[in-house]
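Heads up: numbering here begins at 1 and tracks the sequence. Here the structure is a predicted model, which is why all the values come from computation and not from measurement.
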Amino acid sequence: MFVDSHCHLDFPEFAPELDQVVDRARDAGVGTILTIGTRLDRFDGVRAIAERFDQIWCSVGVHPHEAASEKLDEPAELIERAQHPRVAGIGEAGLDYFYEHSPKADQIRNFRAHIAASRHTGLPLIVHARDADEDLCTILEDEYSRGAFPGLIHCFSSTAKLAQTALGLGLFISISGIITFKKADELRSIVANVPLDRLLIETDAPYLAPMPHRGKRNEPAFVKHIAEAVARLKGVELEKLAEQTTDNFFRLFTKVRRPQ
């Protein structure tokens, strides 16, 4: 069984054929899917998908792009929504200095609120990281010194320093279709040194479709291609990689029920 630990099934790209997308994922051996919240004003739609399908769970959060329009001075709104039985994670949250669609100060404030919500609820923090590794490392270490919290760096494409900082804090590293791209040699060299028991796989659908689907709309069924690439990189059988990353997911996302 595979797990797609991060996708966005509430996005409009999936609206015309969501049932078929979920069916194709099931046929490809994807037994569990986590669909991710990016705005509080869209959370109801994310939650509704998790309520509709037994194999789908969700998270609640405000993407760093949206930090200026949905400001979180405290974690209360996240904590309240996280009480829903289908909410299994906090995020995605983090820092994105590549686009900087929201001011850095707003991103940092929101990121700390998400960390507080993760610490309070015990639900994993889902971290978005792009061109902000120095601040991310500083904030993660500072917040962890105030109290532990579980979590992962999603769609990892950052530096070895961020990977080492995250692993040192007990966080997981999640690998997307970028691992299959021809120019991703630096990423592959970092992932080669991440222990198998700290790896997850994800599609980040509808974005970042892996080879051989690059350029198309991504979907959870394609997570198998990511698993195949990681298995080759780590020198293990695909079945072993699937088993390990699935076990890792359920070890981190303890609220999610493993399917029979």
Side-chain angles (χ1 to χ4, degrees), residues 2-8 30 32-38 46 57-64 78 82 87-96 110-130 132-133 135-137 139-141 143-144 147-179 187 190-191 193-205 207-208 220 223 226-227 230 234 241-242 244-256 258:
F2 301 101
V3 172
D4 184 358
S5 65
H6 191 114
C7 63
H8 299 279
V30 183
T32 299
I33 297 169
L34 188 65
T35 190
I36 303 299
T38 57
V46 177
W57 300 71
C58 71
S59 71
V60 58
V62 178
H63 193 286
L78 298 169
V87 176
I90 302 294
E92 69 185 276
L95 305 178
D96 192 319
N110 273 22
F111 187 35
R112 289 188 184 273
H114 283 79
I115 294 173
S118 173
R119 188 186 293 118
H120 180 89
T121 62
L123 298 180
L125 176 72
I126 301 161
V127 179
H128 173 104
R130 190 164 188 189
D133 286 14
D135 281 358
L136 271 165
C137 290
I139 292 169
L140 287 171
E141 290 178 328
E143 289 287 347
Y144 207 84
F149 52 89
L152 63 97
I153 309 297
H154 114 84
C155 190
F156 187 87
S157 58
S158 299
T159 61
K161 178 181 178 180
L162 179 57
Q164 292 163 1
T165 297
L167 293 171
L169 296 175
L171 306 184
F172 288 68
I173 302 292
S174 185
I175 307 303
S176 72
I178 296 173
I179 198 76
L187 172 62
I190 294 171
V191 174
N193 293 312
V194 177
L196 267 177
D197 66 356
R198 305 290 285 284
L199 281 174
L200 300 178
I201 52 175
E202 64 168 89
T203 60
D204 201 16
Y207 310 117
L208 300 174
V223 78
I226 299 163
V230 176
K234 304 296 281 186
L241 192 283
Q244 183 70 70
T245 53
T246 295
D247 287 347
N248 294 347
F249 176 86
F250 289 105
R251 185 156 49 93
L252 177 61
F253 289 93
T254 57
K255 195 171 173 180
V256 179
R258 186 188 287 261

So, taking the atom named [atom1] in [X] and the one named [atom2] in [Y], what distance separates them when rounded to the nearest 0.5 Å?
{"X": "F172", "Y": "L167", "atom1": "CZ", "atom2": "CG", "value": "9.5 Å"}
{"X": "L187", "Y": "T159", "atom1": "CG", "atom2": "OG1", "value": "11.5 Å"}
{"X": "D4", "Y": "L200", "atom1": "CG", "atom2": "CG", "value": "10.5 Å"}
{"X": "H8", "Y": "T38", "atom1": "NE2", "atom2": "OG1", "value": "6.5 Å"}
{"X": "H114", "Y": "I126", "atom1": "NE2", "atom2": "CD1", "value": "9.5 Å"}
{"X": "L152", "Y": "S174", "atom1": "CG", "atom2": "OG", "value": "6.0 Å"}

Evaluation steps, side-chain contact (heavy atoms from CB on, under 4.5 Å), between N248 and R198:
CA-CA 7 Å; N248 294 347; R198 305 290 285 284; 5.8 Å; no
Heavy-atom donor-acceptor pair, K255 side chain to V87 backbone, under 3.5 Å:
yes
Do any N or O atoms from the side chain of S5 and from the backbone of I201 form a donor-acceptor pair under 3.5 angstrom?
yes
Can you give me the closest heavy-atom contact between [X] and [Y], atom names plus distance?
{"X": "C137", "Y": "T165", "value": "SG-OG1, 3.4 Å"}
{"X": "I226", "Y": "T203", "value": "CD1-CA, 4.0 Å"}
{"X": "G151", "Y": "L252", "value": "N-CD1, 3.8 Å"}
{"X": "L169", "Y": "E141", "value": "CD1-N, 4.1 Å"}
{"X": "C7", "Y": "P220", "value": "SG-CG, 4.1 Å"}
{"X": "L78", "Y": "G61", "value": "CD2-CA, 4.0 Å"}

Mind jotting down which residue pairs meet the salt bridge (charged side-chain N to carboxylate O under 4.0 Å, His left out) criterion with at least one end in residues 149-178? Sequence neighbours excluded, please.
E134-K161
I'd like to check [X] versus [Y] (side-chain heavy atoms, cut-off strictly below 4.5 Å). Are they in contact?
{"X": "F149", "Y": "L140", "value": "yes"}
{"X": "I173", "Y": "V191", "value": "no"}
{"X": "F156", "Y": "L162", "value": "yes"}
{"X": "I153", "Y": "L136", "value": "no"}
{"X": "I175", "Y": "L199", "value": "yes"}
{"X": "C155", "Y": "E202", "value": "yes"}
{"X": "L34", "Y": "H6", "value": "no"}
{"X": "I36", "Y": "V46", "value": "no"}

Step-by-step side-chain contact (heavy atoms from CB on, under 4.5 Å) determination, D204 to H154:
CA-CA 9 Å; D204 201 16; H154 114 84; 3.7 Å; yes
Would you call the rings of F249 and F253 parallel, tilted or perpendicular, taking 30° and 60° as the class edges?
parallel
Can you run down the side chain to side chain donor-acceptor pair (under 3.5 Å) pairs that involve residues 117-126, sequence neighbours left out, and say none if there aren't any?
R119-E143
Run the numbers on T245 and V3 for side-chain contact (heavy atoms from CB on, under 4.5 Å), then give the verdict.
CA-CA 8 Å; T245 53; V3 172; over 6 Å; no
Checking N110 now: which residues fulfil side chain to side chain donor-acceptor pair (under 3.5 Å) with it, not counting sequence neighbours?
none
